[in-house]
Amino acid sequence: QDVVAVLSQNETGATSYNPVSATLLSVGAWLMYDRLVAKDENLQYVPNLAESWEEAPDGMTWTFKLKPGVTFHNGTPFTAQTVVDWLPLYKGSENEYLFDAIDHAEVVSDTEVKFVMKRPEPNLLYNLSTVYASIPDPAAFTELGEEFGVAEVVGTGPFKLDSFEIGNQTVLLRNDDYAWGPGDATGHPAKIETLTLREIAEASTAFLELKTGGVDMLMNVPTDFVGEVEGSGNLKLLELPGTDLVYMPINVTKPPFDDIKVREAVAFAINRQEIVEAVFGGRGKAADGFLISALPESQIAPEYRMTYDPERANKALDDAGWVKGADGIREKGGEKLKVTLWTQSDSIFRRLSEVVQAQLKAVGLEAEILTFDNAAIRDQYKTGEQQLAVRTYLWDNADILEWFFSGERLYYPNISMLNDPKAEELKAAAMTGAKNSAEREANFRAYHEYINSLYPYAPIYEPVQLMGYNTDRVTLPEPLHAARFNTLGFLQLEVKE
Amino acid sequence: MTVTAPVPGLLPALRRSAPVQAFASWKGGVAGTFLILVVLGALFAPWLTPYGFDVQNLPGAFQAPNLSHPMGTDEFGRDVLTRILYGARTSLSVSAVAIAISLFCGMVLGASAGYFGGRFDRAVMVVVDLTWAFPEILVALMLVAIIGPGTTGTLVAICVAYLAQFTRLTRAQVMALKSETFVEAARGMGASNAAILFHHLLPNCLGPVLVAGMLATGDAIILEATLGFFGLGAQPPTPSWGGMMSSGSGLLFKGPWIIMFPGLCIALTVVAINMFGDALLHKLDVRERVRTA
Amino acid sequence: MSEPILALSGLTRRFSTGGGFLRPARSMTAVRGVDLQVARGDIVGVVGESGCGKSTLARLAMRLLEPSDGTIRFEGQDVTHLGGRALKSLRKKLQMVFQDPYSSLDPRYTVRDCIEEPFRALGELVPPGRIEDLLDQVGLPRSFAESYPHQMSGGQRQRVGIARALAYAPDFVVLDEPTASLDVSIQAQIIALLQDLHRQRDLTYLFISHDLGLVRYFCSRIVVMYLGSVVEVMEDPHAAPRHPYTRALMESSFVPDPEARATIVPLEGEIPSPFALPLGCPFAPRCPRVQDRCRSELPQPTATTIGRVSCFNPIEA
Amino acid sequence: MLGFAIRRILMLVPVFLAVSVIIFLMIHMLPGDPIDNLLRIGAGPDQRAALTEKYGLDRPLYEQYLYWIGNVVQGDFGNAIVQRRPVASLIGQALPYSLTLGGLALLVSTVLGITVGIIAASFKGSWLDQGLMGGVLFGSMLPNFWIGLLLILVFSVSLGWTPVSGARGWESLILPVVTIGLGGTALVARVTRVAMIDAQGRDFVMLLHAKGVHPVVIQLRHVLRHALIPVVTILALRIGWILGGAVTVEVVFARPGLGSLLIKSLNQHDYPVVQASLLILAMAVLLGTLLGDLLQAAMDPRIRDNLK
Amino acid sequence: MLMEVKDLSLSIGKVALLDRVSFSVDRGQVLGLVGESGSGKSLTALALTGLVRRIGGRITGGSIVFDGQELSDLPEPAYRKLRGKRIAFITQNPMSALDALKTIGDQVDQVSRLHLGLSRKAARAHTVDILTRLRIPEAATVARAYPHQLSGGMKQRVVIAMALAADADLIIADEPTTALDVTVQAQIVMILSELVKKRNIGLILITHDMGVVAQICDKVCVLYAGRVAESGPVWQLFDTPRHPYSAALIGCIPREGMAPGALKGIPGTVPSALNYGAECCRFASRCTRADALCHTTRPLPHSQGAALVACHHPQGTAAQPEALDV
Ligand SMILES: Nc1ncnc2c1ncn2[C@@H]1O[C@H](COP(=O)(O)OP(=O)(O)OP(=O)(O)O)[C@@H](O)[C@H]1O
Ligand SMILES: Nc1ncnc2c1ncn2[C@@H]1O[C@H](COP(=O)(O)OP(=O)(O)OP(=O)(O)O)[C@@H](O)[C@H]1O
Ligand SMILES: [Mg+2]
Ligand SMILES: [Mg+2]
């Protein structure tokens with residue numbers, strides 16, 4: 001009844017399971033904690049620890065009715081008071097922004113808690129459904145301090161922490177008392193007893209482990225191995241819609257990209273379809289905006305979408321005064337159109353960059369690739385020296401726009417260094433100005449469109465999540481009624497004997 | 001007064017033609033021929049292949065070796081053979097230049113430490129020994145983290161990683177030579193320290209140290225490849241053997257030739273360098289001394 | 001004696017070895033208080049057992065080592081602390097032939113390069129034809145000029161060494177065991193050559209050797225060293241020795257004549273460590289004529305009919 | 001001998017301090033700032049100042065150094081800034097892996113290398129010698145990550161004898177140990193062979209033969225003893241490799257270890273971890289030289305006497 | 001005869017280094033083997049002890065008879081039993097002939113334990129006994145010392161002790177005193193010559209030093225370029241050398257009463273082993289008496305007085321060599 005899974009590349013390197021302060025949490029956090037609400041496969045909110053909820057018409061209070069009989073791993077019961085004690089933990093922490101809009105929480109009864117808001121927050125349910133809103137035992141959290149999430153984890157989730165070795169593996173044990181799972185999985189604990197989450201940096205090692213039965217599933221199969229997995233009789237792929245997006249930030253403050261024409265050219269020079277076909281084996285789709293297509297805010301007017309249009313790209317450059325030289329590289333005033341393109345050392349990043357490099361060269365822009373170690377690149381961005389970069393993010397809410405383009409987050413994460421007064425206004429409206437979801441959606445769409453009109457980035461690709469698993473060993477729930485393979489997936493995962 | 005007599009030392013070293021002799025042995029001959037072919041291939045790459053090393057042809061990616069692409073095409077549809085030929089330029093020149101710089105610094109350091117001895121010597125050797133005792137790859141990764149990726153970082157990393165070896169070797173040679181009577185004799189004839197260093201000591205340890213440098217070039221190619229494995233070597237689209245070999249081990253399954261051929265080139269070249277170096281050392285009759293320095 | 005060409009007085013050289021952190025350096029005196037005067041045209045032989053300081057003395061005289069104490073005068077001039085140009089010009093007159101012909105020539109130098117080196121070192125032109133002359137003088141064919149040392153035999157190399165020492169027409173040549181590593185037949189060749197050169201060029205030699213027989217044949221005066229000190233100077237090489245050590249040396253050498261077989265009574269005891277010299281006469285522990293006084297007091301040189309001896313109880317003539 | 005050991009250890013103290021200063025200064029010259037990694041995104045300068053003060057990064061350099069080294073001497077390496085754990089526990093987690101992997105690899109390469117060296121030297125110049133040395137050379141001529149993957153393909157995938165990766169159980173050690181061991185074997189074999197050949201050629205060996213001693217006895221009891229001295233010296237100096245040289249292998253086999261910890265921390269600018277790892281490596285190197293000296297003295301009476 | 005060597009020829013690789021060397025030595029006799037460097041003295045010693053195989057050499061002809069037993073084709077294991085037990089070999093350089101990592105005692109014990117089968121304890125007692133007889137003070141302490149703690153003379157005595165540890169009948173000593181000081185050399189040579197008389201054993205003494213030969217040898221064998229030039233009783237060699245080479249060699253020794261300039265040396269150099277030439281006298285190119293015959297025909301050893309001389313034109317009875325030009 002043991003299952004070994006390999007974490008996907010973008011979740012490796014997490015240093016803690018502390019939901020309050022960590023900026024990177026692996027799937028383990030989903031499994032050791034619960035959240036008030038969860039999301040189903042259509043991104044609709046479903047009950048998790050909260051049975052039901054109600055928003056006041058003016059949006060200034062939210063009342064959550066909690067499931068009864070929920071206990072933490074250490075036996076402490078989970079009650080309304082727990083939620084009241086939990087919220088203040090975020091004060092001054094990395095993830096404080098999640099609950100910016102909440103003034104305070106009040107106990108209504110043992111199973112009812114009321115959030116009193118500073119302002120309406122249509123996005124509250126989303127925030128409560130993210131992994132960073134996982135609920136630890138506040139008492140244990142305070143007591144353990146920095147050790148919490150590393151040496152010990154006290155949550156209400158379907159698995160308990162057995163051991164955690166940073167950068168190596170996490171071993172989880174089943175929480176036998178668990179009966180409050182989300183959606184279909186409610187009423188029973190997980191079917192597997194232990195779950196080992198391994199981190200394997202080298203993709204081929206991970207694949208070979210799967211192939212030889214050393215591990216039972218890969219949370220993410222790199223595209224290079226898709227063919228191999230499909231070709232092996234006992235291995236199977238599970239394709240889930242992705243929640244990530246690959247794009248290319250353009251530093252609007254660095255010449256030649258201080259000229260919007262040049263940015264526009266870059267945005268239209270990228271042949272996304274070719275990339276999907278050549279680099280990702282036809283899986284996933286070409287991106288034309290900044291948000292994943294499952295989000296309504298991604299549905300923007302066609303004139304704001306960025307697609308492959310080499311003529312437009314060439315024309316933009318011509319208009320900007322960059323003329324093709326003898327070697328095919330454009331020049332202006334004796335200077336070559338040469339920029340740097342930063343990328344990360346993962347092979348897929350490097351490969352993507354190389355294709356982009358070639359595509360940019362086709363319109364006369366020479367990009368010099370600079371590879372940085374994954375862990376080091378963040379510091380590099382803080383210098384603001386980048387011109388182009390290849391990046392990816394994983395988020396399924398439109399507020400990511402604010403994260404990457406807010407004038408208050410220059411250098412990092414606003415690698416594009418966009419600081420535009422009008423964008424700031426639109427951002428404020430989108431983030432805090434909406435009273436309800438519909439209004440919020442409209443505001444974000446306007447913000448998204450305006451950002452696109454400035455070309456501070458070029459969208460590239462929207463991947464799918466490809467899980468690989470050994471059909472001799474495990475049965476995966478199909479269909480999966482969740483947006484991602486986490487709590488629900490592992491609760492329903494079965495082992496073949 | 002002018003010095004008219006040509007300074008001996010270096011010229012005789014070349015006149016003794018150890019390389020020519022090394023060629024005469026079958027091992028040295030085979031290895032030397034291979035190396036010459038590789039260097040010629042690198043030099044004349046543009047004339048030897050109709051393809052460009054950076055011209056992508058995505059629809060034609062992952063072609064197994066065939067007549068028009070004897071080593072197949074890579075994940076971007078580029079001709080692997082072409083990239084190997086151009087890659088030899090990067091791999092060989094980065095390693096060779098790095099080793100040359102390292103060799104020069106090592107010889108200067110080692111020779112002065114060995115010749116003057118005393119505190120200076122001890123201080124130099126403590127530092128040198130410490131860098132020597134640290135694994136090359138760690139030194140290299142640390143330096144690349146500081147300097148940044150790319151050929152410069154690789155160059156400096158290789159330089160520093162092998163500095164200790166050359167310093168030690170030169171120092172040992174100089175110390176051994178220093179006690180030879182001919183050095184004392186030169187002093188007895190009024191030669192200055194500089195003259196002794198440059199006309200007697202350095203020419204005499206040049207042979208072994210140069211060969212050690214040659215052998216290290218082999219190791220440096222591997223180190224470059226390892227940095228490539230971490231994605232920190234030569235930056236695309238510039239091909240280098242190490243970079244090609246480590247452009248995603250997933251290709252091992254999808255297009256093994258993309259990785260195999262550069263890997264094979266590295267292994268063969270390094271073995272050839274070692275074989276030729278050994279043959280040279282044999283001729284110079286200092287094999288033991290250099291090999292274990 | 002006329003003005004001596006070389007005069008050493010109280011020449012002392014100490015070495016310290018080992019030593020390091022928390023470890024005391026050990027000091028030894030390789031040459032102590034040597035007084036010696038060499039007249040122009042003399043061949044002075046220095047004999048003694050291995051490690052007694054012969055080579056150190058030679059190096060001191062050559063200014064290849066700095067003396068710890070004492071003075072060196074060359075042609076009347078104090079050269080003890082000479083440096084720079086003056087030292088360079090001294091080198092023209094003072095040359096040395098080394099013990100080991102195998103390591104005293106740079107393997108990368110041709111014979112020509114070797115012989116030219118003194119000129120080059122002093123930044124001067126090589127007079128045309130000089131190399132050939134020198135090769136002729138030391139009995140090497142001119143064709144050897146372009147050969148490397150490894151192509152030559154030991155005797156031939158030693159001739160190159162001699163040619164190199166003579167390149168500048170020196171007045172004084174120090175010969176440090178020039179034949180020690182050669183066969184007797186080659187040794188005889190070299191000695192004959194040195195004798196010829198001495199005659200032709202009016203050279204002065206300081207000849208170092210451990211072979212008493214050879215020294216007695218070749219030299220006009222003999223200096224006997226023991227553990228860094230001169231124990232006896234014999235103006236007549238064929239005279240009977242006065243110092244017990246000199247006699248022991250003579251008795252230890254085997255006479256190459258089967259008719260003259262004699263039972264040799266070897267010297268007993270070991271040479272004391274140079275790091276811990278006894279208080280008195282260094283030879284006292286092995287001396288058959290030892291007296292109490294020898295163990296506590298250092299004998300001073302006293303004149304004898306044949307030279308000078310440092311012994312409290314010298315053998316009577 | 002004991003006195004010598006104590007003196008040597010005392011001697012290590014100033015060297016160790018000097019090394020620690022070098023490491024400290026080097027780390028502080030690195031570009032990047034750990035506080036950046038720690039600061040909440042969008043945090044203001046006062047928050048930065050607070051954190052800087054919390055980690056003592058605002059104090060003069062020498063004070064920081066003294067504070068740090070003072071704690072180190074007491075066994076406290078401080079807290080990792082980015083990884084938010086006591087450095088000692090991070091290192092404590094990585095070190096055992098490095099030690100087992102490195103130690104075993106050292107053992108394998110020593111045993112194998114010495115054996116190959118002895119055989120090659122005993123049959124010097126024969127095809128056996130050339131074949132063995134050529135094989136060992138070729139084995140060390142491939143980059144480690146490459147060998148590792150090939151070994152996995154052969155032994156784990158095709159033959160199914162060993163696990164592919166990980167750090168659980170002794171089976172998972174086999175391939176990494178072999179991967180590193182191959183490179184080390186070449187070095188040890190080369191040194192052993194040369195040292196044996198050197199020792200074989202010395203005069204005392206001829207006398208042993210003249211005494212009628214069996215050649216195998218001469219080879220193993222006399223020649224090998226002489227040959228081991230340089231081998232041991234070189235091995236002792238290479239102790240740094242045991243702890244830090246396995247970075248690539250750690251990546252390929254998904255093993256934790258000091259090398260990867262160091263590199264990861266370096267990239268994250270987690271100063272305290274980098275400092276501590278470097279210090280530990282340096283300490284290992286220093287102890288290695290000490291060990292080498294002691295072993296040399298234990299094996300060679302001449303050196304032993306020199307120490308008195 | 002204890003050992004009789006007849007027409008011994010030896011090659012290393014393709015190079016013939018010894019060519020029909022003959023000599024013999026009996027109990028109580030000292031045979032001196034002299035000659036210039038490279039003449040094959042050490043090779044001869046290695047051939048007699050069967051060690052020449054170790055350096056890749058091969059006996060190509062002739063016989064070595066030791067105590068009635070033919071040794072030239074003796075298999076190695078049998079030779080090993082003989083070596084050290086009945087034929088002892090004292091190698092050239094005492095400074096490096098001992099294993100620096102083992103105590104003196106252990107090294108001497110090894111011989112008696114190996115060949116006499118003595119126990120550890122008995123062997124040590126035996127060792128101390130022999131060391132004492134070689135006039136080594138405090139032998140028991142010395143036995144516990146390491147080689148580097150001893151002086152050169154002491155070490156050479158230890159090597160001699162090894163030769164005696166299994167009561168060898170024949171000692172072959174290759175330049176036992178070359179590296180030693182004259183006073184120490186005198187000690188060692190006297191010890192060896194006493195041993196021969198006291199124990200009635202044979203000694204083959206290889207040396208450069210004609211003085212030593214004159215003082216303790218009974219017979220001499222002069223080697224030149226891998227061949228015997230002259231061999232015979234020591235008095236005849238010094239008195240009336242017949243071969244021009246031996247004559248010249250004796251003329252090279254500086255002696256008491258020699259006139260300055262009398263020392264001339266032998267012109268030219270020994271030919272290298274690669275161009276020895278088979279059908280000629282190898283000394284011909286340096287010899288003043290050489291004629292065409294010497295350059296084309298190999299001189300065979302024949303009796304001249306009490307000696308065997310390999311020369312077409314042996315000298316008469318003249319004591320002094322004829323004048324030679326440098
Ligand atoms: N550079 C030096 N450092 C330390 N000790 C030295 C040095 N040179 C010579 N000695 C010591 O000085 C003493 C005398 O040495 P020197 O070479 O003068 O002896 P020698 O009489 O020439 O001996 P040999 O006959 O062996 O050549 C020796 O004990 C030697 O160890
Ligand atoms: N291992 C070997 N391989 C090839 N030639 C050798 C070898 N050992 C000796 N010789 C050659 O054999 C010849 C005789 O050597 P040997 O050592 O017997 O001379 P030797 O008379 O002992 O000289 P020395 O007085 O220098 O000891 C020399 O020409 C030498 O070059
Ligand atoms: Mg000397
Ligand atoms: Mg010999």
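Order of the sequence lines fixes the chain letters, A, B, ..., with proteins taken first and strands second; residue numbering starts at 1 for each chain. Computed over heavy atoms, backbone and side chain alike; hydrogens, waters and symmetry mates excluded.
- Side-chain N/O atoms of E36(E) and S185(C) include a donor and acceptor closer than 3.5 Å.
- At a 4.5 Å heavy-atom cutoff, the contact between Q195(C) and chain E is made by side-chain atoms alone.
- Heavy atoms closer than 4.5 Å to chain E are found nowhere in E251(C), neither backbone nor side chain.
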Task: L212(C) vs V182(E), side-chain contact (heavy atoms from CB on, under 4.5 Å): CA-CA, chis, key distance, verdict - done: CA-CA 9 Å; L212(C) 196 59; V182(E) 272; over 6 Å; no

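- Between F218(C) and P254(E) there is no side-chain heavy-atom pair separated by less than 4.5 Å.
- Both the backbone and the side chain of F254(C) have a heavy atom closer than 4.5 Å to some heavy atom of chain E.
- Residue with the most contacts toward chain C among V189(E), L237(E), V184(E): V189(E) (heavy-atom pairs, distance under 4.5 Å).
- Between C252(E) and Q189(C) the shortest side-chain heavy-atom distance does not fall below 4.5 Å.
- For S153(C), the part lying near chain E is the side chain, with the backbone staying farther off; criterion is any non-hydrogen pair under 4.5 Å.
- Between the Q215(E) side chain and the P258(C) main chain, no donor and acceptor come within less than 3.5 Å of each other.
- Of the two parts of L214(C), the backbone and the side chain both hold a non-hydrogen atom closer than 4.5 Å to a non-hydrogen atom of chain E.
- For chain C, the nearby part of V213(E) is the backbone; its heavy atoms alone come within less than 4.5 Å.
- Only the side chain of R286(C) has a heavy atom closer than 4.5 Å to any heavy atom of chain E.
- What you find for S252(C) and A186(E) is that their closest heavy atoms are O-CB, 3.8 Å.
- The environment of E132(C) atom CD is dense: over 12 non-hydrogen atoms of other residues, nucleotides or ligands sit within 6.0 angstrom.
- Atom CD of Q187(C) sits about 10.0 Å away from atom CD1 of I253(E), to the nearest 0.5 Å.
- Side-chain polar atoms of D183(C) and H208(E) form a donor-acceptor pair below 3.5 angstrom.
- Heavy-atom pairs under 4.5 Å with chain C peak, among L180(E), V212(E), D209(E), at V212(E).
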